[in-house]
Amino acid sequence: MSKKPNYSHLPLNTIQTTKFLAASSDSSASDLVLFGLPFDGTCSFRPGARFGPKAIREMSDGLETYCPILRRDLEEVSFSDVGDMPLPPGDKESAMALTYQMAKHVHENGQIPAALGGEHLLSLPLVRAAHDAHPDLVLIQFDAHMDLRNSYLGVELSHATVMRRIGEIIDPSRILQVGQRSGTREEYQRAETFGNLRTEQVTVAELQQWVADRPLYVTVDLDVLDPSVLPGTGTPEPGGVSFSQLQSWIAGLASCNWIGWDVVELSPLLDPSSVSSIVSAKIVRTMILTSTATRC
Ligand code: MN
Ligand code: MN
């Protein structure tokens with residue numbers, strides 16, 4: 001019999017959903033707190049990322065709890081899933097404020113906030129909260145896109161500008177971009193100025209060396225994967241990495257000091273086969289197992 005959910009320490013109510021595979025009901029005692037951000041208000045091409053968290057949870061049921069790559073089992077991990085945040089559709093200011101409040105609270109409780117998107121703009125409040133708690137953090141962005149525009153259609157807060165805004169919170173030298181293959185000339189010039197752009201040739205050893213013992217935040221925009229692997233995303237970009245490549249990059253960071261992460265931009269209705277949702281659930285499983293590896 002499952003335990004009664006205990007979310008009383010959270011700052012705001014969440015919408016209860018099917019939990020991620022093997023997640024606990026007691027968020028007050030877990031090392032990692034998973035929450036969904038069902039919001040796609042600034043999506044520039046094909047909307048639907050608001051349905052991502054639900055699809056990831058549902059499809060997680062088809063996975064094993066054991067990961068042979070990491071040799072770890074979800075059953076050994078202290079993590080909870082508190083459901084989705086009730087984010088008002090189309091109101092990005094409120095969505096960002098609520099997201100920040102949740103992440104801040106989880107940090108203050110000494111836990112790892114782990115967010116399921118939703119669109120990439122919500123990484124901005126998540127990173128802001130992470131930076132408040134860990135001013136010396138470093139960030140790895142797995143993404144097909146730079147997200148370094150200053151504005152998109154005159155708007156400065158968008159999933160196309162999110163890394164530009166994050167670069168105003170944390171020094172760009174603390175950001176590593178991996179898997180990018182699309183952007184404007186200006187974005188590429190800016191990324192070269194940052195000096196932190198990596199292609200699919202980056203090795204696990206290089207990632208480990210770059211992070212070293214600094215607090216690590218990881219944002220995974222699922223469109224980093226090739227569209228043949230994950231077609232269910234708003235802005236698919238041909239020429240992407242394989243599932244195995246992304247999984248080995250993430251799993252290779254198991255010895256790092258993780259302090260937060262997000263997995264964003266799954267748009268499940270764009271893939272009638274649901275394979276994109278299964279792929280996303282397996283990436284989330286890898287993230288849960290990797291980010292908690294040094295905690296137990
Ligand atoms: Mn992207
Ligand atoms: Mn992105």
Side-chain angles (χ1 to χ4, degrees), residues 37-53 56 92 95-96 99 115-128 130 139-153 155-170 172 175-184 186-188 190-191 194 196-200 202 217-243 245-246 249-250 260-268 270-271 276-277 279-280 283-284 287:
L37 302 173
F39 182 81
D40 57 16
T42 80
C43 189
S44 57
F45 188 39
R46 307 191 298 173
R50 75 180 70 177
F51 303 112
I56 288 172
K92 64 185 173 190
M96 292 199 311
T99 300
L116 307 179
E119 63 154 84
H120 210 169
L121 175 62
L122 295 178
S123 296
L124 178 58
L126 293 168
V127 172
R128 193 184 297 280
L139 182 148
I140 296 177
Q141 173 206 8
F142 296 109
D143 199 329
H145 308 94
M146 308 257 182
D147 297 344
L148 284 174
R149 282 174 157 93
N150 189 43
S151 65
Y152 184 75
L153 302 178
V155 174
E156 292 192 356
L157 290 173
S158 150
H159 72 156
T161 67
V162 63
M163 291 310 298
R164 182 72 168 260
R165 296 289 91 79
I166 286 173
E168 293 162 357
I169 299 171
I170 60 177
I175 299 172
L176 191 69
Q177 297 188 290
V178 181
Q180 280 71 16
R181 53 193 182 273
S182 178
T184 63
E186 197 252 340
E187 284 181 288
Y188 269 91
R190 192 167 185 90
F194 284 179
N196 294 326
L197 184 64
R198 295 292 182 276
T199 65
E200 57 270 28
V202 68
Y217 188 98
V218 175
T219 178
V220 179
D221 181 333
L222 289 159
D223 65 28
V224 70
L225 292 164
D226 192 76
S228 61
V229 179
L230 188 130
T233 190
T235 45
E237 187 64 45
V241 303
S242 68
F243 179 85
Q245 174 67 85
L246 180 58
W249 277 334
I250 296 166
W261 55 263
D262 60 70
V263 173
V264 299
E265 297 285 357
L266 167 67
S267 190
L270 297 173
D271 177 5
S276 300
S277 304
V279 165
S280 304
I283 290 296
V284 170
M287 295 288 278

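Just so it is clear, the structure is predicted and the values come from calculations on it, not from any experiment. Order of appearance sets the numbers: ligands from 1, and atoms from 1 within every ligand. Here, residue 1 is the first one in the sequence, and each next residue gets the next number.
For Asp221 and His159, the side-chain atoms include no donor-acceptor pair closer than 3.5 Å. Asp223 and Thr233 share no donor-acceptor pair across their side chains, judged by distance under 3.5 Å alone.
The existence of a salt bridge linking Glu187 and Arg190 is excluded, since no basic side-chain nitrogen approaches an acidic carboxylate oxygen closer than 4.0 Å.
You'll find the side chain of Ile250 reaches within 4.5 Å of the side chain of Phe142, heavy atoms only.
Protein N/O/S atoms closer than 2.8 Å to the Mn ion (ligand 1), listed by chain and residue number, are Asp143 OD1, His145 ND1, Asp221 OD2, Asp223 OD1, Asp223 OD2.
Within 6.0 Å of CZ in Arg128 there are 12 or fewer heavy atoms belonging to other residues, nucleotides or ligands.
Applying the salt bridge (charged side-chain N to carboxylate O under 4.0 Å, His left out) test to Glu186 and every residue at least two apart in sequence or in another chain returns Arg164.
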